[in-house]
Visitor: 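The structure's right below; bear with me while I get my questions together.
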Amino acid sequence: MVVLPYTVAFLLLSSLQTVKIANSQSFIGINYGQVADNLPPPPSTAKLLQSTSIQKVRLYGSDPTIIKALANTGIGIVVGTANGDIPGLASGPNFAESWINTNVLPFYPASNIILITVGNEVMTSNDQNLVNKLLPAMQNVQNALNDASLGGKIKVSTVHSMGVLKQSEPPSSGSFDPSYGDLMKGLLEFNSANGSPFAINPYPYYAYRSDTRPETLAFCLFQPNAGRMDGNIKIKYMNMFDAQVDAVYSALNSMGFKNVEIVVAETGWPFKGDDNDVGPSIENAKAYNGNLIAHLRSMVGTPLMPGKSVDTYLFALYDEDLKPGRGSERSFGLFKTDLTMVYDVGLSTSSQVRTKFTCISLVFRFFNSQVFYS
């Protein structure tokens, strides 16, 4: 009788499991910004996304043509209210109900809207009027969803910059800026009560711009480096992404909200910039995004949140040629507007399937050369 060796069986099953995981990477998302005048039509973008392992898309608004184009694709959609809508949303239930009636109900559930972000980086905007009205706006949007029997099906949150932290090094000492005080506590109570995520925008790229040593670049790009020890917990961090995410976890924990899920709403690396921009290059962008994706796929997690991958939205799907500021601000796109890749970080499902079946083929080849009899 021919017996399949245990190790070969394990390898084969692992390979099959890897194929399964490759097709269910719900933790990889991407930002779809529209500050541009040369973007491809939304239906073309929807087809592009379906050819990748990207399973979630974050919009900064609620463009109906994009939401419609993503219908029946299964891709999770994050829609956003503009910062300018916050006073209206906070004013009472009517504005929020109208917003939900216009931007959600005509499309859901064919378009898989999973999250509404009320504003973007409001807490660090220095607009005290918006800051004070953020929580009431979120509450009214939540109430409007509840009234439409969508409470719990679609979550409500807001997106923060890393500037909401007072301290982030070492990660175990992460804490929120105390000047946000009761308001941050109120936002976290909202997240906790409604099961919605705390969304944050960590960018190791900006950390590198303020410290351009070669060892810092390696730390930011997930490349071999000496690591950075967190003396409080005796753990060595080997990349900046984990350190930034764990600093947020520590800040949540310090306020009694460690069970609030963290979502990385934006992270990325520009592939080009102005002459005086430090860090942008194809090589660095490919290293950061490619190594980040591999890190997420490994499911190793972070030192303080092991064994799971934080939902992470890469920035960005396309370049946005109308953005103001440095050239690097307009050069974060992973895809060109002709739908080809700027650089390959392994997001194409066809390349993943080829890789997995090559692996399975090798296992079978090994098995055929290792026949055992009993």
Side-chain angles (χ1 to χ4, degrees), residues 29-42 44-46 48-49 54 56-67 69-70 77-86 117-127 130 158-164 199-210 212 220 244 263-289 292 312-343 345 347:
I30 201 160
N31 286 266
Y32 185 173
Q34 294 176 269
V35 187
D37 60 5
N38 60 348
L39 298 179
S44 299
T45 296
L48 169 65
L49 290 168
I54 296 166
K56 296 178 181 179
V57 172
R58 179 187 170 211
L59 309 179
Y60 291 86
S62 53
D63 188 322
T65 59
I66 296 176
I67 297 173
L70 292 170
I77 306 167
V78 179
V79 296
T81 76
N83 286 5
D85 286 335
I86 289 173
T117 56
V118 178
N120 186 51
E121 299 189 351
V122 174
M123 296 289 284
T124 50
S125 68
N126 296 319
D127 187 327
L130 288 185
T158 189
V159 179
H160 302 284
S161 77
M162 290 293 287
V164 297
I200 194 79
N201 293 341
Y203 277 91
Y205 166 67
Y206 293 117
Y208 170 65
R209 269 186 19 187
S210 64
T212 57
C220 290
Q244 290 184 327
V263 163
V264 173
E266 286 180 29
T267 191
W269 199 287
F271 64 88
K272 66 179 180 180
D274 298 333
D275 290 341
N276 61 346
D277 271 337
V278 178
S281 71
I282 288 278
E283 181 183 21
N284 288 348
K286 182 176 181 177
Y288 179 73
N289 286 307
L292 170 61
T312 299
Y313 292 78
L314 305 172
F315 189 86
L317 185 56
Y318 302 117
D319 287 348
E320 295 177 84
D321 66 332
L322 299 182
K323 270 193 166 182
R326 297 170 182 255
S328 54
E329 290 296 317
R330 296 181 288 279
S331 306
F332 277 84
L334 273 72
F335 293 90
K336 301 175 185 177
T337 53
D338 66 1
L339 306 178
T340 61
M341 291 179 286
V342 178
Y343 49 87
V345 290
L347 287 173

Visitor: Is there a donor in the side chain of Tyr208 and an acceptor in the side chain of Asn284, or the other way round, less than 3.5 Å apart?
Guide: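 No, no side-chain donor-acceptor contact under 3.5 Å.
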Visitor: Before we go on, tell me: are the rings of Phe335 and Tyr318 under 6.0 Å apart, centre to centre?
Guide: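 No, ring centres 6.0 Å or more apart.
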Visitor: Would you please classify the geometry between the Trp269 ring and the Tyr205 ring as parallel, tilted or perpendicular, with 30° and 60° separating the classes?
Guide: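 Rings of Tyr205 and Trp269: perpendicular, as their planes differ by over 60°.
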Visitor: So which heavy atom on Thr45 is nearest to which on Pro40, and how close?
Guide: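 Heavy atoms of Thr45 and Pro40 come nearest at OG1-CG, 3.7 Å.
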Visitor: Restricting to salt bridge (Lys or Arg N to Asp or Glu O under 4.0 Å), what partner residues turn up for Glu320, sequence neighbours left out?
Guide: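 Counting only residues at least two positions away or on another chain, Glu320 forms a salt bridge (Lys or Arg N to Asp or Glu O under 4.0 Å) with Lys323.
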Visitor: Does anything in residues 33-42 form a side-chain hydrogen bond (donor to acceptor under 3.5 Å, both in side chains)? List the pairs, not counting sequence neighbours.
Guide: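 Pairs touching residues 33-42 that pass the test: Gln34-Asp63.
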Visitor: Please determine, by modelled atom types, if Ser161 and Tyr203 share a side-chain donor-acceptor pair under 3.5 angstrom.
Guide: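 Checked: Ser161/Tyr203 side chains show no N/O donor-acceptor pair below 3.5 Å.
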Visitor: Please report the shortest heavy-atom distance between Ser328 and Pro280, naming the atom on each side.
Guide: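 Smallest heavy-atom distance, with atoms named: CB-CG, 4.0 Å.
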Visitor: Only pairs at least two apart or in different chains count here, so list each salt bridge (Lys or Arg N to Asp or Glu O under 4.0 Å) that has a residue in residues 265-274.
Guide: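 Salt bridge (Lys or Arg N to Asp or Glu O under 4.0 Å) check on residues 265-274 returns Arg58-Glu266.
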Visitor: Step through the shown structure and confirm whether more than 12 heavy atoms of other residues, nucleotides or ligands are within 6.0 Å of CG on Asp338.
Guide: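 Result for CG/Asp338: enclosed.
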Visitor: Sequence neighbours excluded, which residues qualify as salt bridge (Lys or Arg N to Asp or Glu O under 4.0 Å) partners of Lys336?
Guide: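 For Lys336, no residue satisfies salt bridge (Lys or Arg N to Asp or Glu O under 4.0 Å) once neighbours in sequence are set aside.
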Visitor: List the residues meeting side chain to side chain contact (heavy atoms under 4.5 Å, CB included) with Pro41, not counting sequence neighbours, and say none if there are none.
Guide: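 Here the qualifying residues are Pro43, Ser44.
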Visitor: Kindly write out the residues that satisfy salt bridge (Lys or Arg N to Asp or Glu O under 4.0 Å) with Asp277, not counting sequence neighbours, or none if the list is empty.
Guide: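 Asp277 satisfies salt bridge (Lys or Arg N to Asp or Glu O under 4.0 Å) with Arg326 once adjacent residues are dropped.
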Visitor: Which heavy atom of Pro324 sits nearest a heavy atom of Glu329, and at what distance?
Guide: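 Smallest interatomic distance, heavy atoms only, reads O-CB, 3.9 Å.
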